[in-house]
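What follows is a set of notes on a single structure, which appears directly below.
Quick note: numbers below take in every heavy atom, side chains included, and nothing from hydrogens, waters or symmetry partners.
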Amino acid sequence: MNRVRSKGRLGALPLLAFFALVFGIPAIALVAGAFTAEGRPSLANLSQSLQGGYLTAMIGSVKLSGIVALLGAVLGTFLAYAVVTSRFALLREAVLTASGVLANFGGVPLAFFWIATLGNSGVISGLVGLPSGSLYTFWGLVVVYLYFAVPLMVLAMAPALDGLRPQWREAAANNGATAWHYWRFVALPVLTPAMLGGVVLLFGSAFSAYATANAMVGTVVPLVTLKIASALTGDVLVGYENIALALSLDMIVVAGLVMVIYLPLQKRSSRWLH
């Protein structure tokens, strides 16, 4: 038994070495740089990252991510339910396959798609009479982010909805429960962990997005990812050259909080549905 364990540990060494090289060293460099100002240990970068325009950008990113997460969760859950309960297997497979593709469709191609469609000179914007520049705003960015958020929620909710057993509805009906009672006291408690986990997943996805926002709105909408890019290109005050690292550390803290919330919910959901 001890030999088997020793071989298992040795087999994990390449993975651990790769993890340390790809994630560990950059993380150490980031933390060290975030706590260094003018060549000496300091909290100046972190303090600066939570003030003025940087704080505005952080709030803007959290607000954008929260709205996208909530709207994407609602729309994605209803779409997933419609797909799961559909009698047409071909429709189900088509929607789930498309969701898998669209959930990973982002960056500059996504921005170009929307600009060519609903931009100032877009194909459809003139036909529907959209005001000039309406796409390049906070709410325009919300709509664009929903393009990958809704499919992502569909992928997150479809397995949970598949886990609702028909026997539960039948048992509820045999005990005199209405459809409202079934959803209120049976289905929703089972689906809530998966739904909340999906919301957190959408929040993290929107919070970390950069290329789409950069290509669409530039500096018009203050976002922390855009501030990091600006800081990396030299748009910083003297003595705060490491402000981008401090902003990145702030994002890591937020991402860590997201995972702390998401993983227990996912674990609880799996316990209910299996």
Side-chain angles (χ1 to χ4, degrees), residues 22-23 26-27 29-30 33-34 45-46 48-72 101-125 130-153 200-237 240-256 258:
V22 176
F23 295 101
L30 186 148
N45 289 317
L46 290 175
Q48 184 69 16
S49 70
L50 298 175
Q51 297 179 16
Y54 298 119
L55 179 59
T56 301
M58 180 64 72
I59 294 174
S61 290
V62 172
K63 180 181 177 182
L64 174 67
S65 303
I67 294 174
V68 170
L70 292 177
L71 291 179
V101 174
L102 296 178
N104 295 283
F105 181 60
V108 176
L110 177 61
F112 175 77
F113 170 81
W114 281 92
I115 292 172
T117 305
L118 295 175
N120 292 340
S121 301
V123 176
I124 299 178
S125 55
L130 287 178
S132 177
S134 58
L135 184 64
Y136 313 109
T137 62
F138 177 88
W139 289 105
L141 201 58
V142 168
V143 173
V144 174
Y145 276 24
L146 286 175
Y147 193 82
F148 61 79
V150 172
L152 188 58
M153 190 65 183
V200 173
L201 185 62
L202 296 188
F203 180 91
S205 178
F207 186 71
S208 61
Y210 161 73
T212 302
N214 183 56
M216 281 190 56
V217 299
T219 58
V220 175
V221 179
L223 298 175
V224 67
T225 50
L226 302 181
K227 283 292 186 182
I228 292 175
S230 178
L232 289 174
T233 57
D235 184 17
V236 293
L237 298 175
Y240 293 97
E241 292 79 6
N242 289 337
I243 189 67
L245 299 179
L247 291 170
S248 300
L249 183 59
D250 293 339
M251 290 193 67
I252 290 176
V253 171
V254 174
V258 167

> What do the steps show when you test Val142 against Leu71 for side chain to side chain contact (heavy atoms under 4.5 Å, CB included), and what is the final call?
Replying inline: CA-CA 9 Å; Val142 168; Leu71 291 179; 4.2 Å; yes
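- At least one side-chain heavy atom of Leu110 sits under 4.5 Å from a side-chain heavy atom of Val144.
- Across Leu135 and Trp114, no two heavy atoms sit closer than the pair CD2-O, 3.4 Å.
- When atom types are taken as modelled, the side chain of Asn242 and the backbone of Gly33 share a donor-acceptor pair closer than 3.5 angstrom.
- The shortest non-hydrogen separation linking Ala111 to Ala215 is CB-CB, 3.7 Å.
- In this structure, the side chains of Val224 and Asp250 stay at 4.5 Å or more apart for every pair of heavy atoms.
- At a threshold of 4.5 Å between non-hydrogen side-chain atoms, the residues Val254 and Phe203 count as touching.
- Residues Asn45 and Leu245 form no side-chain contact, since every pair of their non-hydrogen atoms from C-beta on lies 4.5 Å or further apart.
- Taking a 6.0 Å sphere around CZ of Phe112, one finds it holds 12 or fewer heavy atoms contributed by other residues, nucleotides or ligands.
- No donor-acceptor distance shorter than 3.5 angstrom exists from the side chain of Ser230 to the backbone of Leu226, with no hydrogens or angles considered.
- We find the NZ-OG1 distance between Lys227 and Thr56 to be 8.0 Å, quoted to the nearest 0.5 Å.
- Closest of all the heavy-atom pairs between Ser61 and Phe207 is CB-CE1, 3.7 Å.
- Rounded to the nearest 0.5 angstrom, Leu223 CG and Ile59 CD1 are separated by 12.5 Å.
- If you take CD1 on Ile228 and OH on Tyr54, they are separated by 10.5 Å, rounding to the nearest 0.5 Å.
- For the atom pair Ile67 CD1 and Tyr145 OH, the distance stands at 12.5 Å (nearest 0.5 Å).
- The closest donor-acceptor contact from the side chain of Thr225 to the backbone of Ser208 lies at 3.5 Å or more, if one exists at all.
- One distance of note links CG of Leu249 with CG of Leu30; it measures 6.0 Å at 0.5 Å rounding.
- Between the Ser248 side chain and the Ala244 main chain, a donor and an acceptor come within less than 3.5 Å of each other.
- One finds the CG atom of Leu202 at 10.0 Å from the OG atom of Ser65 (value rounded to the nearest 0.5 Å).
- The heavy-atom pair separating Ile243 from Ser49 by the smallest distance is CD1-N, 3.6 Å.
- Ring geometry for Phe113 against Phe105 counts as perpendicular: the plane angle is over 60°, on a 0 to 90° scale with 30° as the lower cut.
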> Could you go step by step and tell me if Ile115 and Tyr136 meet the side chain to side chain contact (heavy atoms under 4.5 Å, CB included) rule?
Replying inline: CA-CA 9 Å; Ile115 292 172; Tyr136 313 109; 3.6 Å; yes
